[in-house]
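In what follows, a single structure is set out as structure tokens and then discussed.
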Amino acid sequence: MWRALLLSLFAGSAVQAEAPLPFDLGGPYELTDQHGQTRTQADPGGNAQLLFFGYANCLNICSAALPLMAQVVDALADEGIEITPVMITVAPDQDRVETMGAPLAEIHPDFIGLTGDEEALSTAYKAFSVEVTPLFQDPEYGWIYAHGSFIHLLDSDGEMLTLLPPILDTERTVEIVRGYVVPQS
Amino acid sequence: MRLTLSLLLTSLALPGWASEGTRVQVTGEIIDTWCYYSGVMGGPDAVVGSAHHTCALWCSAGGIPVGLLAEDGTVYMVLKIAQDDASASGDTQLSLAAHTVTADGMLYERDGQNYIVVNEVVSDADIENRTHEDYGTIPSFSFPEPK
């Protein structure tokens with residue numbers, strides 16, 4: 001937490017008028033990615049992370065947030081800033097290890113999808129205060145869920161840096177992220 | 001709609017509040033931030049008020065955070081409307097869609113964004129912004145065709 005606070009204090013000029021977040025988000029979790037590998041809140045490659053709670057075939061907010069994350073990752077990669085896009089599923093019945101990789105890869109090849117058993121997912125939801133509620137069952141796409149919709153910017157250790165509203169455009173989102181994450185040398 | 005209303009969840013259920021922040025009282029309209037910022041459904045004057053009420057319900061139910069468009073044009077991202085507990089606050093967000101309200105809460109400025117935690121909706125004037133008189137329904141397909 002202290003690291004996140006220091007980063008926010010000494011971040012670049014893109015970070016304006018900082019007020020601490022009015023809540024404490026983030027924490028440890030241990031889930032399974034689309035390759036069957038265990039992954040925690042820390043990024044094994046040492047990259048900062050964009051974390052979203054959603055599901056791979058979601059047609060609602062995810063269809064805005066996941067492509068936005070992909071565009072931000074690509075824009076920052078051009079500047080030497082490596083960011084890992086991560087989605088924790090809110091629909092483990094639909095996003096299984098063997099099924100969620102392909103739709104996420106269509107959005108971005110580096111996308112990490114995470115799922116797990118009820119207890120493991122619940123730990124992650126609780127850490128980020130995400131609630132998940134089934135809305136209705138679509139005959140074509142299965143259950144439609146309402147769920148938390150902000151994107152979380154985490155550092156490589158999984159510490160929360162800031163929130164990103166999913167309705168911002170790519171340029172503005174890049175500007176915010178750039179204020180927290182420096183290019184790798 | 002009753003089902004949707006009853007099942008919507010909050011975009012964030014916030015567990016603990018820091019003492020920082022500035023107490024504010026803001027009068028404005030509860031808006032659909034996606035359509036307002038993206039412009040995909042039309043200009044900013046068309047995606048507010050009565051013309052956009054139905055779409056705002058769909059977007060909110062789909063997870064789009066609601067905003068509070070103040071009279072001076074400032075948009076506040078609403079993190080929570082606090083008179084409801086977390087499981088019921090979605091009902092509040094939906095019932096206030098397109099309404100003109102006066103909200104009392106805490107303002108957090110971060111990354112150039114204005115976030116507000118609404119402690120109390122002091123007044124609710126219902127839908128005052130009668131944009132349907134100029135724009136009809138925006139978008140026109142927000143009322144699903146019966147099959």
Side-chain angles (χ1 to χ4, degrees), chain A residues 8 11 13-25 27 52-55 58-65 68 90 125-136 143-153 161-169 172-173 175-180, chain B residues 1 3-22 31-40 58-67 75-80 82 85-90 93-94 105-117 119:
Chain A
S8 69
S13 59
V15 179
Q16 307 163 17
E18 289 302 330
L21 291 168
F23 39 82
D24 189 15
L25 295 180
F52 184 75
F53 290 79
Y55 51 114
C58 163
L59 301 175
N60 297 309
I61 182 61
C62 318
S63 63
L68 171 64
V90 299
Y125 301 159
K126 200 171 293 182
F128 289 87
S129 292
V130 169
E131 293 189 21
V132 182
T133 303
L135 289 176
F136 58 89
W143 276 100
I144 306 297
Y145 295 89
H147 53 87
S149 59
F150 281 83
I151 299 167
H152 306 79
L153 176 62
L161 296 177
T162 200
L163 276 183
L164 299 164
I167 45 81
L168 298 180
D169 62 22
R172 180 72 190 110
T173 309
E175 191 180 11
I176 294 173
V177 174
R178 197 189 284 130
Y180 289 91
Chain B
M1 182 51 68
L3 177 66
T4 303
L5 286 170
S6 67
L7 290 177
L8 181 81
L9 88 167
T10 53
S11 56
L12 276 175
L14 307 174
W17 313 104
S19 58
E20 294 83 356
T22 305
I31 63 165
D32 163 4
T33 57
W34 169 252
C35 291
Y36 188 81
Y37 277 109
S38 69
V40 294
W58 284 110
C59 282
S60 184
I64 303 291
V66 301
V75 175
Y76 298 82
M77 298 295 303
V78 175
L79 291 175
K80 184 176 173 70
D85 61 24
S87 62
S89 59
Q93 292 181 2
L94 282 175
M106 297 299 291
L107 166 67
Y108 300 87
E109 294 176 285
R110 188 177 175 86
D111 306 329
Q113 306 300 310
N114 297 298
Y115 295 97
I116 188 168
V117 173
N119 295 321

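Here the structure is a predicted model, which is why all the values come from computation and not from measurement. Values below: all heavy atoms of this structure, side chains included; hydrogens, waters and symmetry mates excluded.
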Worked check of side chain to side chain contact (heavy atoms under 4.5 Å, CB included) between B:Gln113 and A:Ile176: CA-CA 10 Å; B:Gln113 306 300 310; A:Ile176 294 173; 4.3 Å; yes
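Summarising the geometry, atom CG belonging to A:Leu168 is positioned 7.0 Å from atom OH belonging to B:Tyr37; distances are rounded to the nearest 0.5 Å. Taken from CG in B:Leu79 to CZ in A:Phe150, the straight-line distance is 5.0 Å, to the nearest 0.5 Å. To the nearest 0.5 Å, atoms CD1 (A:Ile167) and CE (B:Met77) are separated by 4.5 Å.
When heavy atoms are compared at a cutoff of 4.5 Å, B:Thr33 approaches chain A by way of both its backbone and its side chain.
Between A:Leu161 and B:Arg110, the shortest heavy-atom distance links the atoms O-NH2, 2.5 Å. Between B:Trp34 and A:Pro166, the closest heavy-atom pair is CZ3-O, 4.2 Å.
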